[in-house]
Structure formats: structure tokens, C-alpha cells
Participant: 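Structure incoming, see below.
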Amino acid sequence: DVSEQLTPVLLDGPREESLQLVSELQDSSCSCAVDVSTVWWEAAGCRELRVVTASESAVSLWEPLAPACWGKVYTWHLGEMPVIQIVPLPDTCNLVCVALGELEIGEIRLLLYSSETDSFKHSLVKTGNIKAVVGLKDRRLVSSSRTMQEQQVEMVSLSETGGSKDRQTLMPPEDTVTAFAEVEGLREALVGTTAGNSVVVWNLKTGQLLRKMHVGYSYPASICHRAYSDSGLLFVVLSHPLAKESESCGSPAFRVVAFNPCTGRSVGVMFSCLPPGCAGRQVPGGDVWDAVGAAVLTSGAVAVWDLLRGQFVAVLPPGPAGHWALARWAGGGAGLLAGRRDGTVHLYRY
Amino acid sequence: CSESDLGPISLNWFEELSTEAPP
């Protein structure tokens, strides 16, 4: 029965299983899991992918133990503000970034191991009314924050020891930035979405705001997840957690939109929708890796889409042990992490 | 996509916009 419950249900005709359960970890001390992620960790000359789990008050680092088993290495206790999310830092080793706060992010901290003091520690990177944050390659962190008067968009370059090496201010758009996404193929470009439903593009080297392009009125409150520069176009993966169901498409989970940055014009390239008969809506906070999207639905299932084909690929149904609450892609193409509020995390190979 | 939908496309859009945009 258990193996049957863990087998993903495929709704796209006969094909090989696209999700295979690899391993499971259970944080018995976790009262309410808020996020899960992975981090590359190097110790004693060995570099491996480790799992990071977060509850409101603590963040734990897990190392792989053979076979298909995980052991907790260390837990950082962060008592003053609740943890809201883990902020993945792509291609970065031995650094975990977390956002803490009440309803909004109030501070961003780095969690790390210090060889100088032979101890695990954490350091403060930024405080403020932070609206959005993203980790980029080469240990860079971009965030938007608001005061009563103005919006600040800032990139911080992080040192290996958890300090901030350099700070670059980016020109803010008029409306509040709600999400950021790095651009594959252009290291110095960054895109964001705004509360006014626009996509904005920055030059990270100069801080210039290069373009603001409206997404359109059909899909409000767009959130950007990934972007790809190809053939003179900017392809942006958007989710629309507040979009209404339409007759033509149903409930849209993700869209790939092609923007021409020269003219600001755009066309929708692909829709990824909840299939008919799949109950529930997407819970905000889906995750995209390469060209695959994952999201938790209000039914407690995790759904996976091939975003370039617009195909619903697999679903992890909620089991008797409880609803899925978290869905995150593991680093290095290691698969999909699905988590429950009780601290259970399953790693699936995709 | 075609130029009728999106207008003239430039492979060097990032460099061109960086030259045109205010510093």
C-alpha cells in the first residue's frame, strides 16, 4: 500500500514514470516545516549535495548517508524572527541563505560553517521591509525593499565567509518589485515582475533599468520564475496565482512569454494548466528548474509540468500521511523535493 | 514568433539597450 501511495500518478498517457522516489528524511523535531532546499557542501575535500530544511525557528543541514538515507549535520536556531523561506544560491558552496520576518521579510541571513572558529554560525546581510529576494550565480543576492518614500533595489556580492564584499544599487521601477529571476545566457541581466504587472529588465553591471514591459491585463499579479535569452528574445516563465479560470485554458499554472526587449512587445508561447479533473488551484510559490515547473495545489497534491511543451507530466497525490505543502527542485538536477508540514521530505528523481 | 507580432528583433538587444538607457 505504501509503495502504491508513493507512486506518482501519470495523466499523460502511457510512458515511463517521470518521478521516482529516491529517499526520504523525517525531521522529528520539526513542528511546522516552512521550506526545503539543497546546497552544495564541501568538507574534507568532498563536495556533495546536502538538503536544507527550515521550520519557523530553526534551519537544519542534512548529509547523505548510504543507502537512501539522510543524517542531520547541524541545526541553526534563529529565535528572534520566524524563518519565511530559504533563498537558494545557485552554484554556491557552503552557504545557506534564509529570509526571516513576520508577514514580510524583515532580514536576510547567511548560515555557514567557519573554519576559523571551527563552528557553525550565521551573519546578517540585510534588514528592511524586503519585498522580494533572489540568489544568483557567483554568490550574488538581489533584493527589493521599500521605505515610505522610495523603493531600493540592491545587489550584494557575498564573500565565502558570509560577509558582503560589494553592494550595487539598481535603478528601481516606479511600482514595487514582487519577484526576480536570473536570465540564462546573460550573466549580467536580471528580470523582475512588478505589482503593476510588468516585466522589468536590469543591467546588473551598471545598475541600469533597461526596459519595462507590460504583461497584459488577462493575467494579473504575474510572478517571474526563470528567464532565457535566445535568438534576440527574452523568454520569461511566469506564474499567475491570482488568474481566473478561463474556458480556453482552464486554470493557468505557468506561462512562457516571449518578449522582444527592443520593442517591448510580447506573445504567449506556452500555457501550462491544471488538467481537467485535477481539483484545486496552485498555491503561490511554485518552483522552476530548467524547463520544468512544480507547484503545490490546494488539494495537497504536487503537480509537475514540462513548460516548453505545456504538458502536465506528473502529480504526487496527497497521501494518508498528509498533504504536500512544499515543492522545490533540488540543485544539480538531483530531482524534486516534496515536503509536508510535519517535517517529512521526499526526494524524487525526475 | 515573427516580426509582425514582436517588431524588429536584435540579437544584441542587451548591449543596445544598455547604450540607450540612462546611466
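Both backbone and side-chain heavy atoms feed into the values below; hydrogens, waters and symmetry mates do not. Each chain gets a letter, A, B and so on, in the order its sequence line appears, and its residues count up from 1.
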Participant: Please round to the nearest 0.5 Å and tell me the distance separating atom CD of Gln208(A) and atom CD of Glu20(B).
Facilitator: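 Taking CD in Gln208(A) and CD in Glu20(B), the distance rounds to 10.5 Å.
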Participant: Check whether more than 12 heavy atoms from other residues, nucleotides or ligands sit under 6.0 Å from atom CD of Glu160(A), and answer yes or no.
Facilitator: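 No, not enclosed.
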Participant: What are the two closest heavy atoms between Gly232(A) and Trp13(B), and how far apart are they?
Facilitator: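 Where Gly232(A) meets Trp13(B) most closely, the heavy atoms are O-CD1, 3.7 Å.
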Participant: If I measure from the heavy atoms of chain B, does Leu209(A) come under 4.5 Å with its side chain, its backbone, both, or neither?
Facilitator: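 For Leu209(A), the backbone is the part near chain B, not the side chain.
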Participant: Using modelled atom types and a 3.5 Å cut-off, is there a donor and acceptor pairing between side-chain atoms of Asn203(A) and backbone atoms of Phe14(B)?
Facilitator: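 No; judged by distance alone, with no hydrogens or angles, the pair does not exist.
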Participant: Mind listing the closest non-hydrogen atom pair of Leu6(B) and Leu233(A) along with its distance?
Facilitator: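 Looks like CD1-CD2, 3.8 Å.
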Participant: Determine which pairs satisfy ring pair (Phe, Tyr, Trp, His ring centres under 6.0 Å) with at least one residue from residues 172-202 of chain A, sequence neighbours left out, and list them in order.
Facilitator: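 Of all non-adjacent pairs touching residues 172-202 of chain A, those that pass ring pair (Phe, Tyr, Trp, His ring centres under 6.0 Å) are Phe180(A)-Trp202(A).
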Participant: Could you grab the distance from atom CD of Glu16(B) to atom CG of Leu210(A), nearest 0.5 Å is fine?
Facilitator: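 Here the rounded value is 11.5 Å.
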Participant: As an exercise, state the distance from SG of Cys262(A) to CD1 of Ile9(B), rounded to the nearest 0.5 Å.
Facilitator: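 Reported to 0.5 Å precision, the distance equals 8.5 Å.
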Participant: Holding to salt bridge (charged side-chain N to carboxylate O under 4.0 Å, His left out), I want the full list of residues that pass it with Asp306(A), two or more places apart in sequence or in another chain.
Facilitator: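 Asp306(A) satisfies salt bridge (charged side-chain N to carboxylate O under 4.0 Å, His left out) with Arg309(A) only.
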Participant: Under 4.5 Å from any heavy atom of chain B, what part of Val201(A) do you find: side chain, backbone, both or neither?
Facilitator: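 Answer is side chain: those atoms of Val201(A) sit under 4.5 Å from chain B.
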Participant: I need the minimum non-hydrogen distance between Ser231(A) and Leu11(B), along with the two atoms involved.
Facilitator: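 The answer is C-CD2, 3.5 Å.
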